[in-house]
Amino acid sequence: MTDFFADISPIRFAPEAEDDLSFRHYDPDEVVVGKRLEDHLRFSVAWWHGFAWPGGDPFGGQTFDRPWFPDRAGGDTMAAAKLKADAAFEMFAILGQPFFCFHDADIRPEGDGFAGNTANLEEMVDYIGAKMEAGGPRLLWGTANLFSHRRYMAGAATNPDPDVFAFAAATVKTCIDATHRLGGANYVLWGGREGYETLLNTDLARERQQAGRFLCMAVEYARKIGFEGAILIEPKPQEPTKHQYDYDVATVYGFLKDFGLEGEVCVNVEQGHAILAGHSFEHELALAASLGIFGSIDMNRNDYQSGWDTDQFPNDVPEVARAYYEVLRAGGFTTGGTNFDAKLRRQSLDPVDLIAAHVGAMDVCARGLKAAARMLEDGALEAARAARYAGWDGSDLLDLDLAAIAERVEEQGLNPAPVSGRQERLENIVNRYV
Ligand code: XLS
Ligand code: NI
Ligand code: NI
């Protein structure tokens, strides 16, 4: 037990409450299009931003004062990691969300090389596993941090040094093991530093081959040990390297096709990454669904003015509603969920800020999902879409060749008249619900 969240009681659904620590829109048991909200949204808390991030920015370091941070915990790094886990599970009990996510480096202290890291990870997996068995949330996904340590400064799988590739591959093995042991629903690989700063020192073709082989190895190993969860790539166009190899959903799909993994690996789409790539979140979700690779989401927004990954908690209901509309159209989550890969602003110092951030985000998502469900139930958007393409029903046009089409156009004297796209009317329909 810590006293970090000392006086904060479990958050309840209380739409009329006066305080800011109640859910006004998120009632886990409310049934929306045939499913409880909790089962639709599958909320997850990210260990790294909530408990490991010190509050730094490019101009200054740590602003948060957490008892498990090295400056307060003394030399016993394993005791500090356990204290951090205690606080995390105390927050989970307050929020009542069904899932969490972690990188190896979030939950275990840095060890002495690979063997030390692995021993620390295993000890922390036992510690966390016991808390999960005692009724804590489940693991949405695990992942490996292959980007913070200086050994990875030139990438992990795409590193010019094969020893770094080996260290990273061995580390991914331990992280898949950990995820499997904790019953994870997915395993995620985000590109980290898989990209480059300058072409002048980069063999792009070779690095891409290394990344492809690395991913094949991860998939083969996961299946070999009987891990049944989904394996997900998280696209991101830039940051930390200038050009990341997993730029966006379309790029990742091309990469998967190239290595024969399109049936094995899906995507974890992050809202902020979509924006960095110059897309909307809903575009990336719709594309992933249409390619059959939609897996899960990281629901954290970017500041539209900043041009970098600000990882803010969601607070824009119409934007969130448009995203969940695509999630619902795709049939909803199966193994995936809504992970808040979001961090506090660095001035939000108090433990209660962390709770309030998640409470607000869960409420925004609940409002968004309910609006999306009503839009879908209304049917007007889907009916308009179907009507727009109705001319294709029963058409054999795509089976013909150009000459046959030309003949037909002439024969039938085709002279198509333009039809309204009705965009404003459709936007007005959305506006009824958000
Ligand atoms: C970074 C990513 C990262 C992944 C997990 O921008 O969002 O946090 O979600 O490695
Ligand atoms: Ni991100
Ligand atoms: Ni993310």
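We count ligands from 1, going down the list as the structure has it; atoms in each ligand are counted the same way. Remember, it's a predicted structure, so these values are computed and weren't measured experimentally.
- Distances from atom 6 (O) of ligand 1 to the heavy atoms of Lys236, Glu239, Gln271 show the closest one on Lys236.
- Heavy-atom proximity to Trp141, at under 4.0 Å, picks out these atoms of ligand 1: 5 (C), 9 (O).
- The nearest non-hydrogen atom to atom 1 (C) of ligand 1, considering only Trp48, Phe147, Trp190, comes from Trp190.
- Two rings, from Phe43 and Phe99, have their centers 6.0 Å or more apart.
- Relative orientation of the Tyr26 and Phe23 rings is perpendicular, given thresholds of 30° and 60° on the angle between their planes.
- Protein atoms of type N, O or S found under 2.8 Å from the Ni ion (ligand 2) total 3.
- Under a 4.0 Å N-O distance rule, the pair Lys35/Asp39 does not qualify as a salt bridge.
- Screening Asp311, Asp309, Asp298 against Lys343 for a salt bridge (charged side-chain N to carboxylate O under 4.0 Å, His left out) leaves a single residue, Asp311.
- Listed by number with element, the atoms of ligand 1 under 4.0 angstrom from any heavy atom of Asp309 are 6 (O).
- Between Tyr245 and Tyr196, the two ring planes are tilted [angle within 30° to 60°].
- Using modelled atom types, one side-chain atom of Thr2 and one backbone atom of Phe4 make a donor-acceptor pair closer than 3.5 Å.
- The atoms of ligand 1 that sit less than 4.0 Å from any heavy atom of Asp341 are 2 (C), 3 (C), 4 (C), 7 (O), 8 (O), 9 (O).
- In this structure a side-chain-to-backbone donor-acceptor pair under 3.5 Å is missing from Asp106 to Phe102.
- A cation-pi contact, defined as under 6.0 Å to the ring centre and within 45° of the axis, links Lys82 to Tyr127.
- In this structure, Arg322 forms no cation-pi arrangement with Phe281, as its terminal cationic atom is not both closer than 6.0 Å to the ring centre and no more than 45° off the ring axis.
- Residue, atom and distance of the protein heavy atom nearest to atom 5 (C) of ligand 1 are His103 NE2, 3.3 Å.
- In terms of protein heavy atoms, atom 2 (C) of ligand 1 is closest to Glu234 OE2, 3.2 Å.
- Ring geometry for His149 versus Tyr152: interplanar angle over 60°, hence perpendicular rather than tilted (30 to 60°).
- The shortest N or O to N or O distance between Glu270 and ligand 1 is below 3.5 Å.
- In this structure, His49 falls outside the shell of residues with a heavy atom less than 4.0 angstrom from ligand 1.
- Judged by distance alone, the side chains of Ser22 and Asp19 do bring a donor and an acceptor atom under 3.5 Å apart.
- Heavy-atom distances between Trp308 and ligand 1 stay at or above 4.0 Å for every pair.
- Below 3.5 Å of separation, one finds no N or O of Asn268 facing any N or O of ligand 1.
- For Asp298, the closest heavy-atom approach to ligand 1 falls below 4.0 Å.
- Aromatic ring centres of Trp53 and Phe64: separated by under 6.0 Å.
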